[in-house]
Engineer: 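The structure that follows is given in the form of structure tokens.
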Amino acid sequence: RPRAFDLAGLTEAGTSPWDAPAVLTNAQVKIRFWRLDCAMPALARNADGDELLFVHAGSGELYCDYGHLSYRTGDYLLLLSEGRLVNLGN
């Protein structure tokens with residue numbers, strides 16, 4: 001059964017994807033809506049599960065243990081849960 005969610009009211013910008021409000025959750029998956037207005041002030045690490053980020057608008061740089069990667073609108077960023085440090089900047 002299709003669902004529609006109005007996320008326009010979620011305008012608060014956060015400094016980490018793990019602080020973003022959860023829209024949908026179950027035992028295996030959390031779907032969050034995260035807005036990044038400036039570069040992350042610190043590195044972040046998640047060892048609990050993989051993270052998949054979709055870039056809806058904008059561009060920036062992903063910095064991690066492997067180096068850096070440029071991203072832009074429409075890109076998916078897969079962050080594997082091997083305890084890697086990441087930082088997103090724009």
Side-chain angles (χ1 to χ4, degrees):
R1 180 173 172 183
R3 302 272 194 262
F5 297 93
D6 182 8
L7 303 180
L10 299 175
T11 59
E12 181 179 315
T15 58
S16 169
W18 297 277
D19 294 334
V23 177
L24 298 170
T25 64
N26 67 22
Q28 290 81 28
V29 176
K30 287 184 185 175
I31 298 176
R32 304 174 205 228
F33 183 80
W34 180 44
R35 181 182 308 268
L36 181 63
D37 289 338
C38 61
M40 292 174 62
L43 296 170
R45 181 189 316 241
N46 182 5
D48 292 335
D50 298 340
E51 300 284 336
L52 178 64
L53 305 177
F54 174 72
V55 181
H56 182 71
S59 62
E61 302 288 325
L62 166 70
Y63 297 91
C64 69
D65 294 341
Y66 297 119
H68 86 278
L69 175 72
S70 298
Y71 62 86
R72 63 178 188 244
T73 300
D75 285 346
Y76 286 90
L77 305 174
L78 178 60
L79 310 177
L80 299 176
S81 63
E82 299 169 343
R84 303 283 180 226
L85 291 170
V86 297
N87 184 288
L88 295 168
N90 53 357

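We count residues from 1, following the sequence as given. Just the heavy atoms: all of them, side chains too, but no hydrogens, waters or symmetry mates, feed the values below.
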Engineer: What's the shortest heavy-atom distance between His68 and Tyr63, and which atoms?
Structural biologist: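 Smallest heavy-atom distance, with atoms named: CB-CD2, 3.4 Å.
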
Engineer: Between Thr25 and Ala22, which heavy-atom pair has the shortest distance, and what is it?
Structural biologist: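 The answer is CG2-CB, 3.6 Å.
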
Engineer: Just by distance, do the side chain of Thr73 and the backbone of Gly58 share a donor-acceptor pair under 3.5 Å?
Structural biologist: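 Answer holds: yes.
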
Engineer: To the nearest 0.5 angstrom, please state how far the CG atom of Asp75 sits from the CG atom of Leu69.
Structural biologist: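 Asp75 atom CG to Leu69 atom CG measures 7.5 Å (nearest 0.5 Å).
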
Engineer: Restricting to non-hydrogen atoms, name the atom on Phe5 and the atom on Leu24 that form the minimum distance, rounded to 0.1 Å.
Structural biologist: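 Closest heavy-atom pair between Phe5 and Leu24: CZ-CD2, 3.6 Å.
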
Engineer: Which pair of non-hydrogen atoms, one from Leu7 and one from Phe33, has the smallest distance, and what is that distance?
Structural biologist: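 Nearest pair, atom of Leu7 first, then Phe33: CD1-CD1, 3.8 Å.
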
Engineer: To check you understand the geometry: which heavy-atom pair defines the closest contact between Trp34 and Ala20, and what is its length?
Structural biologist: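 Looking at all heavy atoms of both residues, the closest pair is CB-CB, 3.6 Å.
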
Engineer: Do you know which two heavy atoms are closest between Val29 and Ile31, and how far apart they sit?
Structural biologist: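 Looking at all heavy atoms of both residues, the closest pair is CG1-CG1, 4.0 Å.
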
